[in-house]
Participant: 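Attaching a single structure in structure tokens format; questions to follow.
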Number of protein chains: 2
Amino acid sequence: MRYDGRLSRMLHVLIHMARHEGAATSDLIAQMLNTNPVVVRRTMAGLREQGYVHSEKGHGGGWTLGRRLEEMTLLDIYRAVGEPPVFAVGPACDRPECLVEQAVNSALADAFAEAEKLLLERFAHVTLADIAADFDNRMARHPALVGHAGSGCAS
Amino acid sequence: MRYDGRLSRMLHVLIHMARHEGAATSDLIAQMLNTNPVVVRRTMAGLREQGYVHSEKGHGGGWTLGRRLEEMTLLDIYRAVGEPPVFAVGPACDRPECLVEQAVNSALADAFAEAEKLLLERFAHVTLADIAADFDNRMARHPALVGHAGSGCAS
DNA sequence: AGAGTTTGTAACTTTGCTTGTTGCATAAGG
DNA sequence: CCTTATGCAACAAGCAAAGTTACAAACTCT
């Protein structure tokens, strides 16, 4: 099962935008994300509704930040992309009336709820500025490695 | 994104098997899970390899437990169904060489690793016997509600 | 031995979701 | 008024999980 990379992508974009002079077009962002502009608009629409970004039409238009990086947490962005389900594993619902199934799902739900709580608490304590600072560290340490550094990607 | 219900289903089946006299056929199990016998065999194959169940061909054949419920934890079964990815959200890998993307993914990976650790630790401390005991409680409290009780299913 | 059951497995089909694509309307700027 | 952008809807493509079909292998019982 393929996972949802929207949160990661939007964080990626927002930090780039903070370092970018003026508005960033959907086309430019699409190149950053190796995708196409329509998908960018679709995804960014959620962020716009929450005021994290603005969009302008016409010449010189595009996307701009609605807040500073210090004022956005991972939790904010997670919610803005629609609070997608955190877990790829979950309860089955084949025989909703079966008490065995209910007991199983209850045990699983307890464990997942606890893990989700921990995760979201952590999300709430990390700002985009924290990530940008980490980026600056990486930049300072490995300026020559851009284009070659291992990334840990599965692909 | 639809989640993976295999863990839940296998737990469901194993507890039923413990209460069942003799071997349970794939057909019977398929009815429990509201699916078909070939899918059952496919999924149970993983459990068989790990020794949690046995299968017998021919007359009177079918599936039997390879261990007592006290000797199986949620973690055991999670692993036996192939340790499917726990999370439905994850790092994107659109520009593996981009240091911003790397910083983002690193922040996310840390948070997810912590949550996964907590989850699996909890899985390790819950046996199938614990769930069966919870089932017994539900049975004692609501014997007349079978077939009507709300289940919390999203469906 | 033979009939009837049941698992094992491979190949194919179906289904649902995500992403990509196209087309056009709308708005801003020069 | 032409160019550049976003906004949005409708449709196509790709992919993975689940369902289906078909048949071989193995076991039991009479």
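Per chain, numbering begins at 1; letters A, B, ... match sequence-line order. For the numbers below, each heavy atom of this structure counts, side chains included, while hydrogens, waters and symmetry mates do not.
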Participant: Are the side chains of A:V13 and A:V53 in touch, meaning some heavy atoms are under 4.5 Å apart?
Facilitator: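 The answer is no, as the side chains (C-beta and beyond) never meet within the 4.5 Å cut-off.
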Participant: CG of B:D4 versus P of C:dG16: gap in Å, rounded?
Facilitator: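 Value for this atom pair: 18 Å.
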Participant: Evaluate A:D94 against B:T35 for side-chain contact (heavy atoms from CB on, under 4.5 Å), listing each step before the verdict.
Facilitator: CA-CA 8 Å; A:D94 308 308; B:T35 180; over 6 Å; no
Participant: If the sugar-phosphate is the primed atoms plus P, OP1 and OP2 and the base is the rest, what is the B/S/- string for nucleotides 23-30 of chain D, using protein heavy atoms under 4.0 Å?
Facilitator: --BSBBS-
Participant: Where do B:L14 and B:L47 land on the side-chain contact (heavy atoms from CB on, under 4.5 Å) test, with the steps shown first?
Facilitator: CA-CA 10 Å; B:L14 290 168; B:L47 300 199; 4.0 Å; yes
Participant: Which residues in residues 7-33 of chain B have at least one heavy atom lying under 4.0 Å from any atom of DNA chain D?
Facilitator: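 Within residues 7-33 of chain B, no residue comes under 4.0 Å of DNA chain D.
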Participant: Tell me: CE of B:M44 to P of C:dT9, nearest whole Å?
Facilitator: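 Whole-Å distance recorded here is 14 Å.
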Participant: Report the distance from atom OH of A:Y3 to atom C1' of D:dA16, rounded to the nearest whole Å.
Facilitator: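 In whole Å, D:dA16 C1' and A:Y3 OH are 16 Å from each other.
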Participant: Specify the separation, in whole Å, of atom CG of A:N36 and atom P of C:dG23.
Facilitator: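 Answer to the nearest Å: 14 Å.
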Participant: Of the candidate nucleotides D:dA18, C:dT9, D:dT6, which contains the atom at the shortest distance from the side chain of A:S55?
Facilitator: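 Of D:dA18, C:dT9, D:dT6, D:dT6 is nearest to the side chain of A:S55.
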Participant: In whole Å, what is the span from the CZ atom of A:R48 to the P atom of C:dA27?
Facilitator: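 Between P of C:dA27 and CZ of A:R48: 14 Å.
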Participant: Tell me, yes or no, whether the heavy-atom count around B:E56 atom CD, taken from other residues, nucleotides or ligands under 6.0 Å, exceeds 12.
Facilitator: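 Not more than 12 within 6.0 Å, no.
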Participant: Do you see a donor-acceptor pair shorter than 3.5 Å between the side chains of A:R138 and B:S106?
Facilitator: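 Present: a donor and an acceptor within the cut-off.
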Participant: Of the listed nucleotides (D:dT20, C:dT7, D:dT6), which one gets closest to any side-chain atom of B:R42?
Facilitator: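 For B:R42, the side-chain atoms sit closest to D:dT20.
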Participant: Using 30° and 60° as the class limits, which term best fits the ring planes of B:F112 and A:F123: parallel, tilted or perpendicular?
Facilitator: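 The arrangement is perpendicular - the two ring planes meet at more than 60°.
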Participant: I'd like to check A:L65 versus A:M72 (side-chain heavy atoms, cut-off strictly below 4.5 Å). Are they in contact?
Facilitator: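 A side-chain contact exists here, since the closest heavy-atom pair is under 4.5 Å.
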Participant: Which one, D:dG19, D:dT6, C:dT9, comes nearest to the side chain of A:W63?
Facilitator: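 Shortest atom-to-atom distance from the side chain points to D:dT6.
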Participant: Provide the full list of salt bridge (Lys or Arg N to Asp or Glu O under 4.0 Å) pairs with a residue in residues 18-47 of chain B, sequence neighbours left out, each pair given once.
Facilitator: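 Residue pairs with at least one partner in residues 18-47 of chain B: B:R19-B:D136.
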Participant: Go through it in stages, so that I can follow the logic: the residues are B:Y78 and B:E83, the test is side-chain contact (heavy atoms from CB on, under 4.5 Å), and I'd like the CA-CA distance, side-chain angles, deciding distance and then a yes or no.
Facilitator: CA-CA 6 Å; B:Y78 167 69; B:E83 297 195 59; 4.1 Å; yes
Participant: Taking only the side-chain nitrogens and oxygens of A:R41, find out if one of them lies under 4.0 Å from OP1 or OP2 of D:dT6.
Facilitator: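 Result: yes.
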Participant: Just how far, in rounded Å, is C1' of D:dA18 from CZ of B:R6?
Facilitator: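 Rounding to the nearest Å, CZ of B:R6 and C1' of D:dA18 are 11 Å apart.
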